[in-house]
Amino acid sequence: MLTNKQKLLARLAAGTAADAIAAGAEAVNAAAERVRWPYAPPGHQSSVYQNKAVEADACQAVVDAAGTPVADDYPYLKAEIGINGVDVAAVAAAVIAKRDLWLGVIDPAIEGTRQALQKQLEALNPADAANVATARQIAADAQRDIEAAVAAALGI
């Protein structure tokens with residue numbers, strides 16, 4: 001049974017340099033999405049994170065005003081009491097910290113690396129058959145390169 005990477009390499013080996021460059025661009029984008037999944041999964045899950053962030057900001061505003069947030073006012077946060085915090089304010093703080101890490105560090109590292117890899121692919125001459133190997137290598141290494149960028153951004 002072939003791995004996804006082996007299937008990708010076989011697809012990239014077939015066809016012209018233009019085919020390999022196009023497949024490489026698709027692979028770079030797919031790798032960026034795979035690296036994002038632990039932080040912001042695609043589809044409906046991302047709307048859940050957005051809703052939790054809105055609740056977390058509202059809850060934090062109550063805390064900042066020296067008030068006591070009522071858990072029932074924040075259903076997403078309430079659902080995580082005992083899982084991601086001892087009370088609704090602690091859950092809000094955890095959600096805000098994760099969101100800030102995502103927006104300020106992780107996603108910019110992913111997007112910057114994805115853009116750099118796309119530029120490398122765009123710079124390849126699709127009329128030059130020798131560029132098949134280069135496009136293939138960029139695509140094959142995309143997930144590793146993006147994960148490395150995230151690790152470097154996180155200092156790990």
Which heavy-atom pair separates Ala109 from Thr113 by the least distance, and what is that distance?
O-OG1, 2.9 Å
Are the side chains of Val62 and Thr68 in contact, using a 4.5 Å heavy-atom criterion?
no
Value for CG (Leu117) from CG (Asp145), rounded to nearest 0.5 Å, stands at 5.5 Å
Donor-acceptor contact present, side-chain Gln118 to main-chain Ala25, <3.5 Å:
yes
Should Leu101 and Ile96 be counted in the same cluster of Ile, Leu, Val, Met, Phe, Trp and Tyr side chains packed under 4.5 Å apart?
no
Does the pair Asp73/Lys78 count as a salt bridge with the N-to-O cut at 4.0 Å?
no
Value for CG (Leu77) from CD1 (Ile83), rounded to nearest 0.5 Å, stands at 11.5 Å
Check: Asp141 side chain, Arg144 main-chain N or O, donor-acceptor pair, under 3.5 Å:
no
Rounded to the nearest 0.5 Å, how far apart are CD1 of Ile81 and OH of Tyr74?
11.5 Å
Student check: side-chain heavy atoms of Val88 and Glu80 closer than 4.5 Å:
no
What heavy-atom pair brings Ala139 and Ala27 nearest, and what distance separates the two atoms?
CB-CB, 3.6 Å
Hey, what do you get for CD1 (Ile138) to CD1 (Ile21), rounding to the nearest 0.5 Å?
8.5 Å
For the residue pair Glu55 / Asn51, report whether a side-chain donor-acceptor contact shorter than 3.5 Å exists.
no
Here the gap from Ile146 atom CD1 to Ile106 atom CD1, rounded to the nearest 0.5 Å, amounts to 14.0 Å
Could you report the tightest heavy-atom contact between Ala89 and Val63, atom names first, then the distance?
CB-CG2, 3.8 Å
Distance-only donor-acceptor check, side chains Glu147 and Gln143, under 3.5 Å
yes
Rounded to the nearest 0.5 Å, what separation is found between the CD atom of Gln115 and the CD1 atom of Ile110?
13.0 Å
Leu121: which of Thr134, Asn131, Val28 passes side chain to side chain contact (heavy atoms under 4.5 Å, CB included)
Val28
